[in-house]
There are 2 protein chains.
Amino acid sequence: MAGAATGSKDMAASRLLGVFREHGYDGASLAELSKATGLGRSSLYHHFPGGKEDMAKAVFDHIHEWMEISALAPLREPGDPAERLQKMINAIDRYYVGGYERCLLGSFVLGGSRGRFQPQLKSSFSGLIKALAALAVEAGASQEQGFERAEEAVVQIQGSLVVSGGLDDPAPFRRVMERLPRLILGRS
Amino acid sequence: MAGAATGSKDMAASRLLGVFREHGYDGASLAELSKATGLGRSSLYHHFPGGKEDMAKAVFDHIHEWMEISALAPLREPGDPAERLQKMINAIDRYYVGGYERCLLGSFVLGGSRGRFQPQLKSSFSGLIKALAALAVEAGASQEQGFERAEEAVVQIQGSLVVSGGLDDPAPFRRVMERLPRLILGRS
DNA sequence: GTCTATAATAGGATAGAC
DNA sequence: GTCTATCCTATTATAGAC
């Protein structure tokens, strides 16, 4: 049953994600994590003996699972590359609610907790880049071109979330979502 | 004498910047802010009666000043657009130490303190975009094209800092620095 | 597995002497 | 303008009953 977002622990991870997304790692207090999950402090420690750090780890697992199932799986299916890419773009767009929601990965990279979660961050970013690069190669790019396009795509997604947040305007994110197909598949 | 980074208050702001950059707003404790500036807690409150929030505001002023003098002023000088842009790119590259240092603006956008500093963030990002857009227009782009290129440039700078941080590899930032001239001035 | 209660500490902020 | 000492609160974390 690996994959479905069910089970109370996965449910909790989803709520915890919301809090970390909004407040960052350091800004997320146990009080809010408790309120968001509906679990008392002691229950949280029962499920996550390592405290906040364990909770964040569970959130990374949750995100990893989401990324594999919702974003990367379509890229690996058979069929038209453009259609498969669009599925992924739609998933990302929903995930960030059209640019109104922040990225937990970015938040953890730029916040004070980078060192603590560097392996998870590295794994997430490189997994995403690799999957996009493979699609670009399939669409006709060389290995090197494919990697460059994929890296630039992830750079633009992350950057647009920062800029949209800074300007308090989802338009930059939206514009990136629109130009992703040409960026990955080439200027056809 | 507006401009030179002298005076003990500006000196303090520079040290405070370092701490906020490394730990984020919530992660920066008074203990570290005190240690970094060499000022005791009470001295900090003497200079910044509003506490941490005042310190962050001073850091924003410091950044604003740096941006005007080191990054934007070259864009507005007379002379060859490509050379002026390169001056700005070099300033940014030094500022982020080739991709090894994080961006305070991005950190505040993605951290839990966005709401508190939204006006400063908005002003910084839109000032940067406007200045780059003007240069692009001067180099032959239409108003609309100029704005689009400038926005994409800021998106790529911010995104590359996130991705470089996540991968623990400055290469993505370096690659963005290299393609900025073509991005802003057009594919000539 | 969840709760109440409580410990232990770190954090932000202030008072008052110098 | 800086220091020592202190206060208050929020925060993380644990103990032990149910």
Side-chain angles (χ1 to χ4, degrees), chain A residues 1 5-62 104 107-108 110-117, chain B residues 1 5-62 104 107-108 111-117 120:
Chain A
M1 198 74 65
T6 54
S8 70
K9 188 148 181 175
D10 201 66
M11 168 67 146
S14 162
R15 307 292 184 88
L16 296 171
L17 167 60
V19 179
F20 283 123
R21 235 182 176 181
E22 191 179 340
H23 296 95
Y25 182 74
D26 289 309
S29 68
L30 283 186
E32 303 217 44
L33 294 165
S34 170
K35 196 178 65 178
T37 52
L39 298 171
R41 282 168 148 71
S42 291
S43 300
L44 278 178
Y45 276 93
H46 176 78
H47 292 289
F48 309 101
K52 243 170 89 167
E53 188 162 337
D54 264 17
M55 298 180 214
K57 295 251 173 75
V59 166
F60 272 109
D61 290 343
H62 180 80
L104 181 115
S107 164
F108 277 39
L110 296 183
S113 53
R114 187 203 315 195
R116 236 177 201 154
F117 305 108
Chain B
M1 198 74 65
T6 54
S8 71
K9 188 150 182 176
D10 200 67
M11 168 68 147
S14 163
R15 307 291 184 86
L16 295 172
L17 167 60
V19 179
F20 283 123
R21 231 182 179 182
E22 190 179 341
H23 296 95
Y25 182 74
D26 289 309
S29 69
L30 284 185
E32 304 219 44
L33 294 165
S34 170
K35 196 178 66 180
T37 53
L39 299 170
R41 280 170 149 72
S42 291
S43 300
L44 278 178
Y45 276 92
H46 176 76
H47 292 289
F48 309 100
K52 240 170 93 165
E53 188 162 338
D54 264 16
M55 298 181 214
K57 295 250 174 77
V59 166
F60 272 109
D61 291 343
H62 180 80
L104 180 116
S107 163
F108 277 39
S113 54
R114 188 204 315 197
R116 241 178 196 153
F117 305 107
Q120 287 89 342

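Below, read A as the first sequence line, B as the second, and so on, with proteins coming before strands; counting in each chain starts at 1.
The nearest pair of heavy atoms linking B/A13 to B/V59 is O-CG2, 3.7 Å. Residue A/F48 comes nearest to A/K9 through the heavy atom pair CE2-CE, 3.8 Å, listed as atom of the first residue, atom of the second, then distance. Here the shortest heavy-atom pairing between B/A56 and B/F117 reads CB-CZ, 3.6 Å. Taking every heavy atom of both residues into account, A/R116 and A/Y25 meet most closely at NH1-CE2, 2.9 Å. Scanning both residues, B/V19 and B/A36, for their nearest heavy atoms gives CG2-CB, 3.4 Å. Here the closest heavy-atom approach between residue B/H62 and residue B/L17 is recorded as CD2-CD2, 4.0 Å.
If you measure from atom NZ of B/K35 to atom C1' of D/dT2, you get 20 Å, rounded to the nearest angstrom.
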Contact pattern, 5' to 3', of nucleotides 4-18 of chain D - B, S or - by protein heavy atom under 4.0 Å: B------SBBBB---
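No side-chain heavy atom of B/S107 sits under 4.5 Å from any side-chain heavy atom of B/R21.
Contact check, B/H46 against D/dC3: no side-chain N or O comes under 4.0 Å of OP1 or OP2.
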Under 3.5 Å, side-chain donor or acceptor atoms of residues 37-46 of chain A against the rest of the protein: list the pairs with distances, not counting sequence neighbours.
| residue | atom | partner | partner atom | Å |
| --- | --- | --- | --- | --- |
| A/T37 | OG1 | A/L33 | O | 2.8 |
| A/T37 | OG1 | A/S34 | O | 3.2 |
| A/T37 | OG1 | A/L39 | N | 3.3 |

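Taking the screw axis at each terminus of the helix from C/dG1-D/dC18 to C/dC18-D/dG1 from five consecutive base pairs, the angle between the two is 0° to within rounding of 10 degrees.
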